[in-house]
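Naming: A, B, ... by sequence-line order, numbering from 1 per chain.
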2 protein chains.
Amino acid sequence: MSRTVEFDKDDIIEKAMNTFWTKGYEGTTLKDLTEVTGLLKGSLYNTFKSKENLFLLCLEKYGSNSKTLFYVDGDPKEYVKNFFKRLVDEGVKKENINGCLIMNSCLEFADSDTAPAKKTKALFKTVELNFERVAKALVQDSDEDPQKYQTSLITAAFSIREISKFKKDKKFLKQIANNALRDLNIMI
Amino acid sequence: MSRTVEFDKDDIIEKAMNTFWTKGYEGTTLKDLTEVTGLLKGSLYNTFKSKENLFLLCLEKYGSNSKTLFYVDGDPKEYVKNFFKRLVDEGVKKENINGCLIMNSCLEFADSDTAPAKKTKALFKTVELNFERVAKALVQDSDEDPQKYQTSLITAAFSIREISKFKKDKKFLKQIANNALRDLNIMI
DNA sequence: CTTATTTTTGACCGTATGGTCAATTATTCA
DNA sequence: TGAATAATTGACCATACGGTCAAAAATAAG
């Protein structure tokens, strides 16, 4: 009946996502996208409608990828320990200059009210919810305030991911994490 | 002998600086610059050579402005208290979406090696030196490690300035500061 | 093999970018 | 009042941007 699509849509989204992740939304050009995906402009627009729409799909994919790293149950101390260990290890790799796509976008779209801006802020909320769940698990059967932990965990995560973009100093990044984890008697 | 310049060079640099501060280097167009300064392209290039060169002058100005906020002597506890109080108060203002030009630029130029990138990284070092001086003053005649304070103060400053670009939550921002200041028995 | 349907292609569009430059205008000194 | 000098002006440039679209190519069903 008709010609079949030659590429895997999801594969294209992932490749585009990585580009947006490194270069930001405005910093990524159509040329970048055609080069990294191997598609030509026409196909790109035929399939994804616009650069903005493709970016929204990338944000969605990034969000659902991230969910697999979110806390569900089990030992919350163990979770945060592994979480920050991974963040620091990833951060010091010199090829890793991405940061976190959600946080990068929050900064890029701080003064904007476009669809990507809204999506971005919604995704940040899900990150906050993740840390809220962890924080609550951490203070279970104690009278401590979970909000205190929530704030310090989010802040540490934000700082490590963003600062590691330009400061590849393992000791420094570990200190950020350990500072946030000290009250929990955890060290990485 | 010759026609005289009609504008104040320093005034132009300040206006340009504010634009770069809000929109970033790439995000600022020549149109933005001519509009905010009132100069036309020709004059701008005649006086400042290029967009990049003008940006370097803006970074320099921002750096020397910042120096007036750096710690010199006196009570270091009082200094950090006022410092973070100001950061939070500025951060929650909804018209303030600038963050810190140095830190913004560190993020924007993370993967770059241009003149602005280098200048930016050099300025970040001066910020680190400021906090090193404070940290040393804070641990004077004690056996504590100043590096611990240095890291947590820089991180808190970075987080408050950058997160406040998109999250105008005073309680949250204060918590970041108080977390860093707790060991000093300071609260804002 | 033909036909219907859909993807793929790349030339093309309007706009915006950073940057240049010859002509014009203003100023100061002699 | 000139002449010399320098600032100002805006038309102009090549390039790059996101986006469009008619034509070509490929496929599946009959």
Side-chain angles (χ1 to χ4, degrees), chain A residues 1-13 15-59 105 108-109 111-117 119-120, chain B residues 1-13 15-59 105 108-109 111-117 119-120:
Chain A
M1 203 106 154
S2 76
R3 187 172 179 176
T4 47
V5 186
E6 284 180 0
F7 53 84
D8 177 18
K9 215 172 154 179
D10 206 64
D11 178 52
I12 299 295
I13 294 176
K15 282 170 175 164
M17 184 190 80
N18 286 321
T19 311
F20 284 126
W21 194 353
T22 352
K23 301 196 163 196
Y25 177 68
E26 293 295 342
T28 300
T29 68
L30 280 212
K31 196 165 168 281
D32 292 329
L33 292 172
T34 57
E35 279 172 9
V36 76
T37 61
L39 299 187
L40 293 177
K41 274 189 198 186
S43 288
L44 222 44
Y45 274 80
N46 192 35
T47 316
F48 300 108
K49 219 182 87 183
S50 66
K51 181 189 175 189
E52 181 178 298
N53 197 62
L54 174 56
F55 181 63
L56 289 175
L57 293 171
C58 291
L59 283 177
S105 302
E108 179 170 0
F109 295 118
D111 61 344
S112 161
D113 200 38
T114 55
K119 181 86 194 164
T120 285
Chain B
M1 205 112 146
S2 75
R3 187 172 179 177
T4 47
V5 186
E6 285 178 358
F7 54 85
D8 178 17
K9 213 172 154 177
D10 207 63
D11 178 51
I12 299 295
I13 294 175
K15 283 170 174 163
M17 183 190 81
N18 286 320
T19 310
F20 284 127
W21 194 353
T22 359
K23 302 195 163 199
Y25 177 69
E26 293 293 343
T28 299
T29 67
L30 281 211
K31 197 166 168 277
D32 291 329
L33 291 171
T34 56
E35 279 173 8
V36 76
T37 61
L39 298 187
L40 293 176
K41 274 188 197 187
S43 288
L44 222 44
Y45 274 81
N46 192 34
T47 316
F48 300 107
K49 220 180 85 183
S50 67
K51 182 190 174 187
E52 181 177 299
N53 197 61
L54 174 56
F55 182 63
L56 289 174
L57 293 170
C58 291
L59 283 177
S105 302
E108 181 171 359
F109 295 117
D111 59 346
S112 161
D113 201 38
T114 55
K119 181 86 194 165
T120 285

(message) Using a 4.0 Å cut-off on heavy atoms, which residues in residues 18-42 of chain A reach DNA chain C? List them by number, or say none.
(response) A:L40, A:G42
(message) Checking A:K41 now: which residues fulfil salt bridge (charged side-chain N to carboxylate O under 4.0 Å, His left out) with it, not counting sequence neighbours?
(response) none
(request) Taking all heavy atoms of A:T114 and all of A:S112, pick out the closest pair and write down the distance. (result) OG1-OG, 3.1 Å
(request) Write down the distance between CG (B:N53) and P (C:dG19), rounded to a whole number of angstrom. (result) 10 Å
(message) Can you measure B:N46 atom CG to C:dC21 atom C1' for me and round it to whole angstrom units?
(response) 11 Å
(request) Quick one: list whatever passes salt bridge (charged side-chain N to carboxylate O under 4.0 Å, His left out) with B:K15, sequence neighbours left out. (result) B:D11
(request) Enter the distance from A:L39:CG to A:I12:CD1 here, rounded to the nearest 0.5 Å. (result) 4.0 Å
(request) Quickly work out the A:L44 CG to D:dT20 P distance and round it to whole Å. (result) 12 Å
(request) Specify the closest pair of heavy atoms between B:E26 and B:K51, including all atoms of both residues, with the distance to one decimal. (result) O-NZ, 4.0 Å
(request) For the pair A:T47 (side chain) and A:L44 (backbone), establish whether a donor and an acceptor sit closer than 3.5 Å, ignoring hydrogens and angles. (result) no
(request) Side chain of A:K51 only, please: which of C:dT9, C:dG19, D:dG18 is the nearest? (result) D:dG18
(request) Look at A:Y45 and D:dT20 and indicate whether a side-chain polar atom (N or O) is within less than 4.0 Å of OP1 or OP2. (result) no
(request) Specify the separation, in whole Å, of atom CZ of B:F48 and atom C1' of C:dG18. (result) 16 Å
